[in-house]
Peer 1: 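Please find one structure pasted underneath; my questions will follow.
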Amino acid sequence: MAALSNADRALVVQLIMRNHDQRSLPCGITKAELRAAVNAADDWADTNAGAYNTALPLPARTTLSAAQKGFLLAYVVVRRAGG
Amino acid sequence: MASGNTLCRFHPAAYEPAATNFPVPGVRNNHPTLDFDPITQQTCYFTDVLPKAYSGGGLTLRVRWMAASATSGDCVWLSAIERIDAGTLDTDADSFASDQTVTTTTNGASGISVESVMTFTSGAAMDSLAAGETFRLRLERDADVGGDSMTGNAQLVSAVLEET
């Protein structure tokens, strides 16, 4: 799964800001700084996608689709963040 | 009217949305707000009548707003006046004077409002609006300009026009 496009990264920024507003989460960085953080997170995910895949046990590693593995990680991380 | 006296007051509930890309009403701890997006420039209007007590000294617009979640960053506002002089203006087309603009840093606490001030000198800058005439005030957050760095919505609390 390739890194996100510019449009998708911009959409992620919008979604994060909306989440902050709806949940009244204080945000002490600017729009440009938030975009830089999103870029870095996406780059990290792209760089470490192979390592994540290797960390998954069988049969999940070979049976689940890339999208399913992505959602799996997303749900785990969101839950860890209190979501 | 003396300098600093209030001429017109604008409340979020009295806004008139643009046909597209307009702010949306919100509420914050039961305080009505008008929420301006952080990405897309959004436009609204307010219609009022300039009091006959206006002395001709120009107008000062004070926009009171707060950040929905941001605790840093700048918000850029634009405003313009359209004189609706009876017998002259064809309201089928917009006829606003040039925008005034101001950049304001949000408060370090998102629920605390700040004030952004824009002035319209007497004459063309306020579309030559005269005392007793109807007018529209156009208010926008210039969210897509580089100087608008604040994340999240800008929530309008109120706006006031004063004699400068």
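If you're wondering where the values come from, they're calculated on a predicted model, not measured in any experiment. Proteins come first, then strands; the chains are lettered A, B, ... in the order of their sequence lines, and each starts at number 1.
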Peer 1: Run B/Leu137 and B/Phe96 through side-chain contact (heavy atoms from CB on, under 4.5 Å) and show every step you take.
Peer 2: CA-CA 9 Å; B/Leu137 173 72; B/Phe96 284 90; over 6 Å; no

Peer 1: Which residues from residues 12-30 of chain B are near chain A, with near meaning under 4.5 Å between non-hydrogen atoms?
Peer 2: none

Peer 1: Give me the ring orientation class for B/Phe135 and B/Phe10: parallel if the planes are under 30° apart, tilted from 30 to 60°, perpendicular past 60°.
Peer 2: perpendicular

Peer 1: I'd like to verify something: which residue of B/Thr151, B/Asp74, B/Asp37 has the highest number of heavy-atom pairs under 4.5 Å with chain A?
Peer 2: B/Thr151

Peer 1: Do the side chains of B/Asp48 and B/Arg136 get close enough for a salt bridge, i.e. N-O under 4.0 angstrom?
Peer 2: no

Peer 1: Would you say the side-chain atoms of B/Glu163 pair up with the backbone N or O of B/Ser55, donor to acceptor, closer than 3.5 Å?
Peer 2: yes

Peer 1: Given heavy-atom pairs under 4.5 angstrom as the criterion, report whether the side chain, backbone, both or neither of A/Ile16 touches chain B.
Peer 2: neither

Peer 1: May I ask you to decide if B/Trp77's main-chain N or O and B/Thr101's side chain share a donor-acceptor pair within less than 3.5 Å?
Peer 2: yes

Peer 1: For B/Asp148, which atoms come within 4.5 Å of any heavy atom of chain A: side chain, backbone, both, or neither?
Peer 2: both

Peer 1: For a side-chain hydrogen bond (donor to acceptor under 3.5 Å, both in side chains) check, start with the C-alpha distance between B/Thr164 and B/Thr60, then their side-chain angles and the critical distance, and finish with the verdict.
Peer 2: CA-CA 5 Å; B/Thr164 299; B/Thr60 296; 2.9 Å; yes

Peer 1: Does the side chain of B/Ser116 pick up a donor-acceptor pair with the side chain of B/Trp65 at under 3.5 Å?
Peer 2: yes

Peer 1: Taking every non-hydrogen pair under 4.5 Å, which of B/Pro38, B/Ser110, B/Gly73 racks up the most with chain A?
Peer 2: B/Pro38

Peer 1: Is the shortest side-chain N to carboxylate O distance from B/Glu82 to B/Arg138 below 4.0 Å?
Peer 2: no

